[in-house]
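Throughout, numbering of the chain's residues begins at 1 and tracks the sequence.
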Amino acid sequence: MARSVSSTQPVWLIVVRSFLWTLILTSFLCFFWALFVRPTSWYSDSGRFDKMSNALEVPLHALEKQVKNVDAPVMQGTLTSMVLLLSGSTLLAALSVLVLKSLPQVQQPLNSSGTKLKLRVKALLAMDLPPYKLWQWVCGGLNVLDALLVALWLGLMLTWVWAHVAGRLPRIRAAVAAGTNNSSYGEMMLDSVAQSFGWAATPNILLLFYPIPRNTFLHWVFGTDFPGLIKYHRWLGTGTILTVSCHLILYFSLWWHTSTWVSEVFDWSSKGVNNLAGVLAWLCGMSMLISATSFIRRRWYAVFYTFHIVGFVGFMVFAFIHYQGMWTYTYPGFALYLLDATFRIAQRIHVTPADGSSKASDDGSLATLTFRWSHVTHVLPSQIMWINVPSISILHWHPVSVAHVQLDDAHDSEGTGTITVHYKAYGAWTKALVKELQRGKLPLIRANGPFGCAGGNKWGGHQVVVIFAGGIGITPMLGMLRHMAAHARSRKTDPSHDMELPDKVYLVWSARSQAELALLDQELIDIAREDEAWLDIKLHCTSQGTAASRTDEAMALDQIPHLPGADPNSPDDKVMGKSDAPRAASHPGAVRLSDVGYDSKPALCGRSSASAFFLQPRGLVSYHFGNMQLAVAHMLAMFGAFMAGILIYSYSAEMSNTSANGPRTWLVGILLFGATCIMTMGLASFAILPIHIYRYWSDRKQVQKGNGNSTASQSSAVLGSNGSLDRKINQLEAQNNIEVATSRPDLAAVLRQIMAIHSKSQEISVFVAGPEVMYTKAKQICAFINSQSTGKSAPFLSMHRQAYTL
């Protein structure tokens, strides 16, 4: 495919982009500089910095009375400077990214020196570290970038622990020498180490919030999405609980040694640190950690979700009660999370009934939901959405990949249309959804998203793309291929179309039975049959045939110890994605599915118990409405969170100065949490809710006038004109470019063959869509081949996961 990429940039654009990237880099450096320097003596004792911090001290004025000879400020200078450094760098980075996203996007040619350097750095950071299967079992895999981040985290923890202990050591020695402390040297050292782990937990909690938002500036900076960052949230969560556990165990040991365990543990003190609140915060954290394990999360998602929400609120409230100064170290990340929650809550105002083509399979194994959307800037296949069905559960939201996007008007890129998603009946929620559809009901739907594709699309900038798919995992990948095909058509009719497309795309799809191959679009088949086609399709049916020949690479992989619980001799219907039921199709190019387990009639519903208005077609709306709205909302959220802290710390300082008993720590902690939530979300709502309310009433007005489109659309499961499934399979087998193999695909052999064809390419992007075991197998093969190609001029195999676990 000819490549037409515009890479010419005006001088002003180069200058502005360079300046903004400099601001982003500076923000990151300031942020981590503050984290590493804060516990050191230079931060608290350095003359110049100490004077600057004192100048930032927030005083308390106009006290009516003062009963103690103290003058407690609202916020000490060192804390104020910390707040400004962390929140200011976060806000500056977010605003700079939003401005960058608003600038004209110019694609760089893949053969440019800058792109080649970027690919080399990316290949180095993505290199998996041995032993591959051990790291896969422990943490889902570890590459060079992951190892660097873990080393950075360990350095941060050691800095906070060492700096705190080293700072207190001279005072401990002086107290022992003077005999002014009844505790022994060992007891004072144990107290110091225990306290240092408590201090080290504060940056952990701060960092814990940054990967959580489903739409954050970090996605754009690092070219990833929510599933790509959420693993770091899990790692940080584990590290936070380990740090807090060390803090608790060491203090428990000290109190047991001094025979004060009972009195200390159950101390609900109104002064200083509240020990009982700290224990309760740890219990809440442990409940989140245990419920977030893969075993519980995958089997009882509702349990995980409930414990995570309740545990989070309990952890934060009790942590603020335990030590109210923790707010100053954690509020920037907390504010970002609350801002994301505000956007998602506002989006939930909108609700729509499922489209008439929504249905369940006859055997009850799969649910297909189609619903209308409107006023959305861009929706791309393989993006992620969270779906809520109020008739099943008001609280529970389930993630799903966008399978298909159909515009009402193909020429209106921002108009109304439908989104199709597929759910497998796995847990209680999905099984309830299947039953709703089987009873002929079209449930009301709320949606959050779509999220992902930070760079516009997941295939942009890739020269050679290999797609490994198994079973129903093909769904988002077919959507991505349709998107490529649409841009390819636009390139033929409009040579100025500047969307960069891959030179070659290889699709290797393994299905359990021939019936699953009915999902393949006729348009994609026609493209693959063309001379010098950009798409190559290889289909495998694993229900028949013998095992494929094994390459040296495949046999070498067998020498690596297998993962605990993994069967090296498992059939390919597990390795390549076992399909438990026939799949529905709701997109152009698929054949009729009534003969392979689906009812071709649309599941039209009767009247719901909801009001007539909610039964009318009202498209769901976007998460946000532009970068300007995001920028204003970020500024309001940060300002609101900061003012909440000032307000509550003012109350605490006034009570310290005017009350003989001082402030009640439990009340200050609750007020800190509550005020931060209310003021952050409240101020951000001024930039969010008005637009949503306007869209809500605008849609309602259209419905009342009768301008809505009917939800009883015809089922789109009947598409294409190839007749029976057998004839389609025979047609596929008759073409030289597309064959349906009755053997198991050898992933290593396929990749070796593609690497030989594209030996001059810098990178070959491997997209994997399927179950966990399939991704693990493909990742191990890519890591093995990359390790064998080190130092050679062979393309680097970069992995991209398209099917994510809950």
Close side-chain approach of [X] to [Y], heavy-atom, < 4.5 Å:
X    : Y    : result
L124 : L145 : no
L683 : F639 : yes
I205 : T240 : yes

Nearest-0.5 Å distance, [atom1] of residue [X] to [atom2] of residue [Y]:
X    : Y    : atom1 : atom2 : answer
L149 : L154 : CG    : CG    : 11.0 Å
W397 : N448 : CH2   : CG    : 4.5 Å
L207 : L156 : CG    : CG    : 6.5 Å
M157 : L152 : CE    : CG    : 9.5 Å
L98  : W220 : CG    : CH2   : 10.0 Å
Q383 : D225 : CD    : CG    : 9.5 Å

Between the main-chain N or O of [Y] and the side-chain N or O of [X], is there a donor-acceptor pair closer than 3.5 Å?
X    : Y    : result
Q347 : G449 : yes
S192 : M189 : no
N275 : D267 : no
H624 : L630 : no
T238 : R234 : yes
S196 : V193 : yes
T342 : L338 : yes
T328 : G325 : yes

Nearest heavy atoms of [X] and [Y], plus distance in Å:
X    : Y    : answer
P104 : R17  : O-NH1, 3.9 Å
D146 : G141 : OD2-O, 3.8 Å
A194 : L250 : CB-CB, 3.5 Å
I241 : W282 : O-NE1, 4.5 Å
S685 : P690 : O-CD, 3.3 Å
G640 : M679 : O-CB, 3.5 Å

> Looking only at side chains, do Y331 and S87 share a donor and an acceptor under 3.5 Å apart?
Replying inline: yes
> Do Q324 and T665 get their side chains close enough for a donor-acceptor pair, meaning under 3.5 Å?
Replying inline: no
Just checking [X] against [Y], ring centres under 6.0 Å apart?
X    : Y    : result
F343 : Y623 : yes
H219 : F451 : no
W327 : F642 : no

>> Applying side chain to side chain donor-acceptor pair (under 3.5 Å) as the test, list every pair that has at least one member in residues 625-643; sequence neighbours left out.
In response: S102-N627
> Among pairs that include at least one residue of residues 154-168, which meet side chain to side chain donor-acceptor pair (under 3.5 Å), considering only residues two or more places apart or in two chains?
Replying inline: H164-Q195, R168-D191, R168-Q195
>> Can you pull out every salt bridge (charged side-chain N to carboxylate O under 4.0 Å, His left out) where at least one residue sits in residues 669-693? Sequence neighbours excluded, please.
In response: none
>> Considering only residues two or more places apart or on different chains, which pairs with a residue in residues 311-340 satisfy salt bridge (charged side-chain N to carboxylate O under 4.0 Å, His left out)?
In response: D340-R344
> Run the side chain to side chain contact (heavy atoms under 4.5 Å, CB included) check on H322 and L276 step by step: do they pass?
Replying inline: CA-CA 8 Å; H322 174 64; L276 181 57; over 6 Å; no
>> Using 30° and 60° as the class boundaries, would you call the ring planes of W199 and Y323 parallel, tilted or perpendicular?
In response: tilted
> So F673 and F334, would you call those rings parallel, tilted or perpendicular, with 30° and 60° as cut-offs?
Replying inline: parallel
>> Can you list everything that forms a ring-ring contact (aromatic ring centres under 6.0 Å, His included) with W235? Sequence neighbours excluded, please.
In response: Y232
Identify all side-chain donor-acceptor contacts of residues 307-319 below 3.5 Å with residues at least two apart in sequence or on another chain.
none

